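Structure first, commentary second.
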2 protein chains.
Amino acid sequence: MNESGYNMGGGVKQSQAVTVADVSKRSGLSTATVSRVLNNSPLVREQTKAKVLEAMRELGYTANHSARALARKRTDTIGVIFPGIDAGFFSEVLIGVNQLASENDMHLAVAFARNKPEEAQMVSEYLYGGRVDALILMNLRIDDKFIREAAMAPTPMVLIDRPAKDARLVTVRMDNAAGAEEAMTHLLDLGHRRIAVIRGPQGTFDSDERWLGCLQAMKRSGVKPDPELIWEGTFHDHSGYEAMSSWLDAGKPLPEAIFALNDPMAIGVLEALTERGLRVPDDVALVGFDDIESARYLGLTTVSSPMRGLGRTACQAVVELLEGAPRRPKEHVLPTELIVRRSTMIAGSP
Amino acid sequence: MNESGYNMGGGVKQSQAVTVADVSKRSGLSTATVSRVLNNSPLVREQTKAKVLEAMRELGYTANHSARALARKRTDTIGVIFPGIDAGFFSEVLIGVNQLASENDMHLAVAFARNKPEEAQMVSEYLYGGRVDALILMNLRIDDKFIREAAMAPTPMVLIDRPAKDARLVTVRMDNAAGAEEAMTHLLDLGHRRIAVIRGPQGTFDSDERWLGCLQAMKRSGVKPDPELIWEGTFHDHSGYEAMSSWLDAGKPLPEAIFALNDPMAIGVLEALTERGLRVPDDVALVGFDDIESARYLGLTTVSSPMRGLGRTACQAVVELLEGAPRRPKEHVLPTELIVRRSTMIAGSP
DNA sequence: ATGAAAGCGCTAACAT
DNA sequence: ATGTTAGCGCTTTCAT
């Protein structure tokens, strides 16, 4: 020990410096009263409260989180679990979650699951481990069965970007289909007919819904989807690059427009085109989805995804549940917005 | 209660479903033994261990985090505090931190502080509240005095992108000066002499260091900095746009090159130039700093900041401290890397 | 190798 | 309005 009273060696922790007992002794009040002050109970006289606070200040008291959590059965913490950390927009969603969490004096425990088994295990641990008061799950790939069971746990749970099937859960998602339909309609209104679509990975919720939106728009305009113009991608930029490159290498004719179901793939397409001296929108119109930062800089027409809104809405729902709102299934669907930029502006038209 | 045994009403929480006591009863072993199994103690016979595990499985036991933390005085959690959430690269740093944390079976508590007082309060709460075993602080604006005091706390702390002055702390940062010097030298080697520099906000650690690197490079090449060509920015893209626009609006001649001390400002400059039909690098060379995603797509020459590395290194240091490494001051300086792209490629040169 | 029991620091009846 | 005390669920001596 040194003069400051703290052990400065390695990672060794000694017992907590100051406890309610210390404050109790110092102030001459009981631990119960100290606790009451800590919890802003109205049953303490201003004068005693002042005494306690003074003692706390003098001793440099900070309440022990684990002890409080154990006794109160609440942690004032919301858990947020994301799928593999490179899953794109986690940071935007997290910003949204945090905004509402901090407004409600809630802390955040953030975890990233790398694979399906880990996801399920993490969810279990958080649900039943008393580490958090509630859980927000982003786009996880867990079985419906597991989700249904988890929905019965005492810890409330909100799902982002993943349907809940028949589990009695609050879910938050964006209107992928409407967004895609709007973008596709935009291209059709521009007079384009031979429109290629680059989809995301098979079975991805977002990709599937966006594709449905495309079909819907084509149907309404009486345009039949051409199987040749349905390209498969992975949501990564290089898959857009690959798709475009191999199409051109095969000597096939440019479509009139290309709709990549997310921005990175659209940007990959753009690179492949640029490399060959082809120009957007002069030679081909291009649309993406999500409105990532780069889309703005590149002048890419795209559909804006309400990522922060998803986070905020999910967290809002969690807070309400924690405040006692009845647990009934509810699906929040946030709107997207078409952002028209250079990549679909017709050059010479009057 | 319903048949699942859980209360499905509002946010009400009842006592934890299954406890060590339950497992103890079910398995016929004492709670001590159950605890030993939970902690992988070697002092339990394989056979009894199996019995306990079986009971746990049957009952669906999950250990209570707060209770463990209270008893063991460890949380297996690392706290990460960021300044205001829009502070750019938090997500990349967080990815790095998480990589190492999960490799070491550590959880993450993430918090964002909006202002200085909140920062200090958060740090105190995390340092002394027993909520986390260690703390990683990113680029916070707290007083040196506070930091020095905090460094004495039992909870170890690592600072990212902020010097520790005389506090006995581990700090992690990137070599801003060397990065800027390399970029500037690149421009000078290209033959440019009239080089404008857009700085970041006054007093920012990153901005100041990068500027020093610029000066260093100029000095070595015998180029005197021209006050007219030192522009002030805010690190936001619009400030780059503004600086460039007002320069051109004033009818002043283009410099030969522009070095924006971060990418967003460089991109702002690019937009202002493009709007006026000026071209990069034909009319003016352009360099940024950080290598954000958009830089690649826009062909912007820039200096790559090792954001994930900062996170990883900081977390690594934390883990070592928790494992008992002596607490001595150490400054990790991670290298940057110059990424040359189109924006500084000389067009017609052989 | 296993058990009994005393805490960890705080909260929440219950009592006064 | 304040104090007493019994937990919260788990770990950890100390016995055996």
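Chain naming here is simple, since letters A, B, ... match the order of the sequence lines and numbering starts at 1 in each. Being a predicted model, the structure only gives us computed values, none of them experimental.
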Problem - Rounded interatomic separation in angstrom, taking NZ from K73(B) and C1' from dG9(D) - result: 15 Å
Exercise for the section: Please examine the side chains of R26(B) and V34(B), heavy atoms only from C-beta on, and report whether any two atoms are closer than 4.5 Å. Expected result: no
Exercise for the section: Would you kindly give the CE-to-C1' distance between M56(A) and dC10(C), to the nearest whole Å? Expected result: 11 Å
Handout entry: Nucleotide-resolved protein contact map, nucleotides 11-16 of chain C, B/S/- at heavy-atom distance under 4.0 Å
Key = BBB---
Exercise for the section: Mind grabbing the angle between the end helix axes of the helix from dA1(C)-dT16(D) to dT16(C)-dA1(D)? Five pairs an end, 10° rounding. Expected result: 30°
Handout entry: Main-chain N/O of E118(A) paired with N115(A) side-chain donor or acceptor, under 3.5 Å
Key = yes
Practice task
Return the 5'-most residue of the pair L70(B), P42(B) with respect to DNA chain C, ranking by each residue's nearest nucleotide.
Solution key: P42(B)
Problem - OP1 or OP2 of dT4(D) under 4.0 Å from side-chain N/O of S30(A) - result: no
Practice task
Look only at the side chain of S24(B) and the backbone of L29(B), and say whether a donor-acceptor pair between them is shorter than 3.5 Å.
Solution key: yes
Handout entry: Between R131(B) and T77(A): side-chain donor-acceptor atoms closer than 3.5 Å
Key = yes
Problem - Any H107(A) side-chain heavy atom under 4.5 Å of Y126(B) side chain - result: yes
Handout entry: Carboxylate-amine/guanidinium proximity below 4.0 Å for K116(B) and E119(B)
Key = no
Practice task
Could you tell me whether the side chain of V318(A) reaches within less than 4.5 Å of the side chain of M106(A), counting heavy atoms only?
Solution key: no
Exercise for the section: Spell out, as yes or no, whether a donor-acceptor pair under 3.5 Å connects the side chain of R327(A) to the backbone of A151(A). Expected result: yes
Practice task
For the residue pair N40(B) and K49(B), establish whether any side-chain heavy-atom pair is separated by less than 4.5 Å.
Solution key: yes
Completion exercise
When rounded to whole Å, the CZ to P distance for the pair R131(B) and dC8(C) reads 22 Å
Completion exercise
To the nearest angstrom, the CG-P distance between D22(B) and dC8(D) comes to 11 Å
Exercise for the section: Starting at atom CD of E125(B), determine the distance to atom C1' of dG9(C), rounded to an integer number of angstrom. Expected result: 16 Å
Completion exercise
From NE2 of H65(A) across to C1' of dG9(D) the rounded distance in Å is 15 Å
Practice task
Taking only heavy atoms on the protein side, list every residue of residues 45-55 of chain B lying under 4.0 Å from any atom of DNA chain D, sorted numerically.
Solution key: none
Problem - L310(B) backbone acceptor or donor facing T313(B) side chain under 3.5 Å - result: no
Exercise for the section: Please determine if R57(A) and E54(A) form a salt bridge, counting it only when a charged side-chain N lies under 4.0 Å from a carboxylate O. Expected result: yes
Completion exercise
Here the distance between atom P of dC10(C) and atom CG of D76(A), to the nearest Å, is 15 Å
